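Worksheet: the structure to be examined is printed underneath.
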Amino acid sequence: MQDTKDRTAGAAAPETGAFDMIIVGAGFAGMYMLHRARGLGLKARVFEAGTDVGGTWYWNRYPGARCDVESLEYSYSFSEELQQQWKWTERFAPQPEILKYAQHVADRFDLRRDIVFNTRVIASHYDEDAARWTVRTDTGAVVTGQFVVMATGCLSSTNLPDFKGLGSFKGRTYHTGQWPHEEVRFDGLRVGVIGTGSSAIQSIPIIAGQAKEVFVFQRTPNYSIPAHNAPLDPAYEAQIKADYAGFRARNRRMMPGFGSNNPRNEKSVFEAGEEERRAAFEARWNRGGLGFQGAFGDLMLNDEANQIAAEFVRGKIREIVKDQALAEKLAPRQAIGCKRICVDTGYYDTFNRPHVHLVDISQAPIEEITPTGLRTGGMDYALDAIVFATGFDAMTGTLLKMDIRGRNGLTLREKWSAGPRTYLGLGVVGFPNLFIVTGPGSPSVLTNMIVSIEQHVDWISDCVQYLRDHGKRSIEATEPAEISWVGHVNAVADATIYPTCNSWYLGANVPGKTRVFMPLIGFPAYADKCEEVKARGYEGFALGA
Ligand code: NA7
């Protein structure tokens, strides 16, 4: 795997200094936070590990990487000029175009002059007397800030399982979440892909278009709905842009913060006859994308209802994949949507190609990576390249890699040893003036991330303004508020099918990680709650003079 770090020799001396706000990460969250902080007149500094802005879209450059939320929705809404002037070329934007968009935003709002690239924050310690944070980086910078905003992303810490013999492989290795910047080709190679999540499902058809042979090592099959991606329809674009603000507002009232153009059908699947069910599923399958999950109102609430939708997709897999034994291996059994649904272009059909092989490792895990390939189920597979599409230590991984210490030296690692605990996903008891954007306990990964990011950054900005207006210098979540919030997040999840499978929402993909359902389901109720907390003078938080 390649180190994408490109540290320039002779760079300026590490930074020191005092800031009002230190922002960690220059993805969509960090960029917008910087823009808002400047608007408040704050002296702010952003530290970013990569060489450029873009976060997820900077790192995940694997072939076929594409957003599963439509481009007219997966974009900032804070600037009417920006949203009117930017032109997306496809219904679902590919990674290079989203990265270009992030770069455009950085230039347009002149963000780069306050972002320090190539610099990873390694520690953040709170000084209670000064009510300030001291932040340290891997380049030796030591700065202080009244506020620290963790804009570190939910899927920013790659998960590379500790396979035996990992370092012994003589061929090329890649992780989808740390893909090289230069073009990677697989022509004439025997390629192994480990994993069948979204990154694998997007990249496998393209890798198969180049490679001599592809071996897909599948532990758990996933449900994938076709994207039916296409050039963006100019008439649809014009219709949305004629009232972009209205479209954004309608999307913010949707459970996941997007999809008002294809809203969930609230009817129970049990109220529909066989024909009506099939027609509803067919329509959503033909439309493509994540909206499939909204075919009926109870698919995510009831196992039996869910399995009716799941069986429809299994039927589609059996239709697409010619070898029926192979189709059965590719057909998932867990509840559909329990792991995030994938959105693909030609995934199942790729398995009809004679040089693409599925290796079911559900019963016999990968035993060892060898110098020439890998061994599983007593078989040796000879490979020239291995693609680890093994996902992320989601939501908490990046935060817990840093040495974050709050009041009385309490570390975030200790605080979260039995799973993450937050109030609103924004604040943590013991960690004053530290905000997390789209943190565990907020809807985050179950939504259009940009909608959630804007809502959090706006809330944080209003909060900082309030503190200044009221002569307060600190804000910290209170214990009762945090306890009741954690209970609420769990209770909401427990009323659904989400906790029934080994998803990364639960931390179940990382060995040893505490199993807790991390995101809160439902954006509108959450956003209303945040507004209520604000209207009540930051109810559930303690403000310090
Ligand atoms: P995911 O969805 O977490 O997928 C990771 C895949 O890697 C998944 O199929 C895992 O199987 C597999 N995996 C993980 N560890 C192992 C080991 N030890 N052995 C074999 N297979 C393993 O990550 P992605 O990058 O694809 O997508 C992340 C999100 O990005 C996605 O949900 C979208 O929101 C965008 P498992 O299912 O755990 O059995």
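Since the structure is predicted, the reported quantities are computational estimates derived from the model, not experimental observations. In this chain, numbering begins with 1 at the start of the sequence shown. Order of listing sets the numbers, starting from 1, for every ligand and every atom in it.
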Let me check something: any side-chain donor-acceptor pairs from residues 207-220 under 3.5 Å, sequence neighbours excluded? List them with distances.
unit_1, atom_1, unit_2, atom_2, d
Gln210, OE1, Phe186, N, 2.9
Glu213, OE2, His357, NE2, 2.8
Gln218, NE2, Lys329, O, 2.9

Within the protein, residues bringing a heavy atom under 4.0 Å of ligand 1, chain by chain: Leu155, Pro161, Phe163, Ile194, Gly195, Thr196, Gly197, Ser198, Ser199, Arg219, Thr220, Lys339, Arg340, Ile361, Ala389, Thr390, Gly391, Phe392, Trp504

Any Lys/Arg nitrogen of Glu73 or Arg248 sitting under 4.0 Å from an Asp/Glu carboxylate oxygen of the other? no

Any side chain to side chain donor-acceptor pair (under 3.5 Å) involving residues 442-452? Give me the pairs, sequence neighbours left out, ordered by first then second residue. Thr447-Ser452

So, Arg91 versus Tyr236: side-chain donor-acceptor pair below 3.5 Å or not? no

Please check if the number of heavy atoms outside Glu266 that lie under 6.0 Å from its CD is greater than 12. yes

For residues 394-402, tabulate all N or O donor-acceptor pairs below 3.5 Å that involve a side-chain atom, not counting sequence neighbours.
unit_1, atom_1, unit_2, atom_2, d
Thr396, OG1, Lys513, NZ, 3.0
Thr398, OG1, Ser156, OG, 2.7
Lys401, NZ, Ser157, OG, 2.5

